[in-house]
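What follows is a short report on a single structure.
Here the structure is a predicted model, which is why all the values come from computation and not from measurement. Whatever order the structure lists them in is the order used to number ligands and atoms, beginning at 1.
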Amino acid sequence: MGPTERTKVPATRMEDTVTNTQITLVQIDNYGPWTVSPEPRREMDLQTLQSRLFADLAQFIGSRDGYVFFTRFDNMVAVTNGMGRADHHTLQESIRNRYPVTVSLGIGVDSRPSEALEDATERLQRAGSAQDSDRREVFSGSFREPTAGDDLQIAHFDVNDATEKYTDRLNEFDSFIQIEHGYAELMRYMRESHGALSFFVGGDNIIAVCPELNSGNYRDAIDHVADAVDVQLKVGVGTGETPHEAGFAAKHALEDCRYEGTAVEFAAGHATAGD
Ligand SMILES: Nc1nc2c(ncn2[C@@H]2O[C@H](COP(=O)(O)OP(=O)(O)OP(=O)(O)O)[C@@H](O)[C@H]2O)c(=O)[nH]1
């Protein structure tokens, strides 16, 4: 099968896979002081720099089948299964060559995404503060073996009928509040219950990097958000060796939800033994 093909599989099959997530924390070095040196810089210039840096990271990491999320822009979280030491060095060098700022990279691997991020973060924190002027371009990581053959699980959540309920009825700010409420509740629940990391990616979409979860876990998450803030979600869940493979399978599973009117669907992003 090609790398972007997928097979729809029952949830029970997904529980047999071994997941391991490699997380890279990208942190702009000494950014706070830079934003006010020698005096405060124009806000839209900072916004331009941040969004261009995110776009460049998305291009670089995406072309290697990884995912990156903008989170707070001065710190960004990437899922980098499939990217090794050399790729990370090239990324750091390329930013240094083209931007007025540099970035530090911490890399961690764990079956729980939150633990992988914790490890990645500790590596940077041990080297000094984000605002130490002499802490630059930290590079510290453990990398997942490319031959490990393990999988990632990525869940693509979407608000049901957001266009009809919000976009076509409410002004943009009130629509945004509704979507943000759903996001805040989901991200907290998934983090606290499962060590999953959920990121708002635009529109009404949230992508979560998850450990091995089953369909009951996802139903509980959806029910929790509906009960807490009255936002109705559906989710496509994908597995694969790279974030792109898993995330692309998740998008197809989400289409299956739309087609079948279900709340949770699973798909595998590559052939598994026995297929
Ligand atoms: N990042 C991202 N955003 C998307 C994607 N698909 C849709 N969107 C965004 O989500 C918005 C709403 O689109 P839909 O989710 O298809 O619309 P909906 O009204 O909620 O309809 P249903 O999802 O079918 O219930 C769009 O305007 C896009 O901004 C996607 O795959 N990725």
Can you report which non-hydrogen protein atom sits closest to atom 17 (O) of ligand 1, along with the distance?
Thr163 OG1, 3.4 Å
By number and element, which atoms of ligand 1 are closer than 4.0 Å to a non-hydrogen atom of Ala162?
18 (P), 19 (O), 20 (O)
Identify the protein heavy atom lying closest to atom 31 (O) of ligand 1, giving its residue, its atom name and the separation to 0.1 Å.
Lys251 NZ, 2.7 Å
Is there a side-chain contact between Val79 and Phe69 in this structure, where contact means two heavy atoms from C-beta onward sitting under 4.5 Å apart?
yes
Is Asp158 touching ligand 1 with its side chain, its backbone, both, or neither, if touching means heavy atoms under 4.0 Å apart?
side chain
Determine if the distance from atom 7 (C) of ligand 1 to the closest protein heavy atom is below 4.0 Å.
yes
Once you restrict to heavy atoms under 4.0 Å, what part of Asn160 touches ligand 1? Side chain, backbone, both or neither.
backbone
Hey, which of Arg72, Arg135, Gln125 is the one that makes side-chain hydrogen bond (donor to acceptor under 3.5 Å, both in side chains) with Gln27?
Arg135
Of the protein's non-hydrogen atoms, which lies at the shortest distance from atom 1 (N) of ligand 1, and what is that distance?
Val201 O, 3.3 Å
When rounded to the nearest 0.5 angstrom, what is the spacing between NE2 in His181 and CG in Leu186?
14.0 Å
Let me see the working for Asp119 and Arg123 under salt bridge (Lys or Arg N to Asp or Glu O under 4.0 Å), right down to the final yes or no.
CA-CA 6 Å; Asp119 179 30; Arg123 287 168 182 275; 3.3 Å; yes
Heteroatom distance test (Asp161, ligand 1): nitrogen or oxygen, under 3.5 angstrom:
yes
Measure the distances from the heavy atoms of Lys165 to every atom of ligand 1 and state whether one is below 4.0 angstrom.
no
Among protein heavy atoms, which lies nearest atom 28 (C) of ligand 1, and at what distance?
Gly203 CA, 4.3 Å
Please list the nearest protein heavy atom to atom 16 (O) of ligand 1 with its residue and the distance rounded to 0.1 Å.
Arg258 NH2, 3.5 Å
Electrostatic pair Arg96:Glu93 at N-O distance under 4.0 angstrom
no
Are Asn30 and Ser133 linked by a side-chain donor-acceptor pair shorter than 3.5 Å?
no
Starting from atom 30 (C) of ligand 1, which protein heavy atom do you reach first, and at what distance in Å?
Asn205 OD1, 3.3 Å
State which residues pass salt bridge (charged side-chain N to carboxylate O under 4.0 Å, His left out) with Asp74; sequence neighbours excluded, sorted by chain then number.
none
With backbone taken as N, CA, C and O and side chain as the heavy atoms from C-beta onward, which portion of Val159 lies under 4.0 Å from ligand 1: side chain, backbone, both, or neither?
backbone
Atom 12 (C) of ligand 1 [closest protein heavy-atom partner, distance rounded to 0.1 Å]:
Asp204 OD1, 3.6 Å
Quick one about Glu265 and Tyr259 (side-chain donor to acceptor, distance below 3.5 Å, no hydrogens or angles considered), yes or no?
no
Decide yes or no for Met187 and Phe200: does some side-chain heavy atom of the first lie under 4.5 Å from some side-chain heavy atom of the second?
no
